[in-house]
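Report on one structure; see the data block that follows.
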Amino acid sequence: MSRADHMDVAAYALGVLDEQDAERFEEHLATCWACAAELETMVPVVGLLSGIDGEAMAALEQTHTDPALLDRTLVAVRRDRRRTRVRQLLATAAAVVVFGGLSGVAAGMLGDEPAPTPQAGPTQTAPTAAPSGEPGNPSDPGVGGEKPIEGDQHNATDAGTGVQTTMWLARKEYGTQVSVQLSRLPGPRVCRLVVVRKNATSEVISTWSVPAGGYGTNQNQLPLELTASTSAPVRDIDKLQVQSVDANGVASPLVTVDDI
């Protein structure tokens with residue numbers, strides 16, 4: 001690039017270049033950061049010059065300067081396109097800065113490895129548990145109908161009370177784990193689960209309160225689900241019984257599992 005191109009900054013800022021020279025300089029400006037920086041510093045000066053009263057300045061300076069040079073300069077400063085040129089200079093300088101920034105970003109992106117595009121695959125959805133709101137069903141594979149409960153399944157329905165139960169007995173090192181599902185159990189009342197051993201001894205392994213709506217009823221369709229444990233091994237258990245206990249502590253059977 002010739003030295004003259006770098007010296008055209010002031011002339012371009014003052015607007016004294018003809019259209020062809022102005023276009024040539026603008027092409028040079030797009031690739032020359034030095035000229036762009038110099039042009040940016042001249043923008044405030046050009047703005048100040050646009051407000052100068054040319055006639056008053058000529059009268060003041062005509063005895064101290066070359067009138068011909070002064071006249072040429074003031075005519076250029078007074079040109080109608082001065083204010084338009086100031087706005088154009090601001091836009092050009094901003095465009096050069098933006099262009100340079102985008103060029104740097106593009107260079108950085110081209111120098112990096114492209115990020116791998118994730119391969120599309122089947123969308124996995126969380127498993128939906130089967131609702132446990134149905135009244136207790138002796139054929140259910142597990143409590144709440146979700147997954148099979150550990151242990152041997154035993155079903156019973158009391159002909160007198162109508163209470164229905166499914167129980168699972170699982171052998172453990174400590175004895176037996178008992179999982180219970182109860183439905184058609186009205187409330188309010190207090191209940192307990194009793195293990196009756198083959199030697200005629202008994203053990204209360206769980207107690208609970210039944211709300212007014214009951215469990216597995218028209219008012220509350222959710223069955224009652226609970227788990228309890230006993231030290232008695234399965235081989236020593238004669239039967240399991242759900243009992244209702246009144247305010248005086250007197251117990252009466254609600255449903256019994258005795259086919260163990």
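Numbers here are sequence positions counted from 1. Values below: every heavy atom of this structure, side chains too, minus hydrogens, waters and symmetry copies.
- Between the side chain of Thr217 and the backbone N or O of Pro186, no donor-acceptor pair lies under 3.5 Å.
- For the pair Val204/Leu193, no side-chain contact is recorded, criterion being any heavy-atom separation below 4.5 Å from C-beta on.
- In this structure, Ser179 and Thr227 approach most closely via the heavy-atom pair OG-OG1, 3.8 Å.
- At a threshold of 4.5 Å between non-hydrogen side-chain atoms, the residues Leu254 and Asp158 do not count as touching.
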Start with the C-alpha distance between Glu150 and Lys172, add both sets of side-chain angles, then the distance that settles salt bridge (charged side-chain N to carboxylate O under 4.0 Å, His left out), and finish with yes or no. CA-CA 11 Å; Glu150 182 182 5; Lys172 299 292 183 179; 3.1 Å; yes
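- Rounding to the nearest 0.5 angstrom, the gap separating the OG atom in Ser202 from the CG atom in Asp238 is 11.5 Å.
- Side-chain contact check for Val210 versus Val190: every heavy-atom pair is 4.5 Å or farther apart.
- For the pair Leu169/Leu240, a side-chain contact is recorded, criterion being any heavy-atom separation below 4.5 Å from C-beta on.
- Judged purely by distance below 3.5 Å, without hydrogens or angles, the side chains of Ser229 and Gln177 never pair a donor atom with an acceptor atom.
- Taking CE of Met167 as the reference point, atom CG of Leu226 lies at 8.5 Å (rounded to 0.5 Å).
- Within the 4.5 Å cutoff, no side-chain heavy atoms of Val234 are placed close to those of Asp152.
- Asn220 contributes a side-chain N or O that, together with a main-chain N or O of Gly214, makes up a donor-acceptor pair within less than 3.5 Å.
- Proximity of Val194 to Glu203: side-chain heavy atoms (C-beta onward) are nowhere separated by under 4.5 Å.
- Interatomic distance, Gln181 CD to Asn155 CG, rounded to the nearest 0.5 Å: 9.5 Å.
- In this structure, CD in Glu225 is found 10.5 Å from OH in Tyr215, a value given to the nearest 0.5 Å.
- Thr256 places no side-chain N or O within 3.5 Å of a backbone atom of Gln241 that could act as its donor or acceptor partner.
- A pairwise comparison of heavy atoms in Pro223 and Ser183 identifies CB-CB, 4.4 Å as the closest pair.
- The side-chain heavy atoms of Val242 and Trp208, taken from C-beta on, include a pair separated by under 4.5 Å.
- Here the closest non-hydrogen pair linking Val163 and Arg184 is CG2-O, 3.6 Å.
- Defined by atom type and a distance below 3.5 Å, a donor-acceptor pair is present between the side-chain atoms of Asn199 and Thr201.
- The distance from atom NE2 of His154 to atom CD1 of Ile260, rounded to the nearest 0.5 Å, is 5.5 Å.
- Distance OG1/Thr166 to CD1/Ile149: 10.5 Å, rounded to 0.5 Å.
- Using a 4.5 Å heavy-atom cutoff, the side chains of Val257 and Thr165 are in contact.
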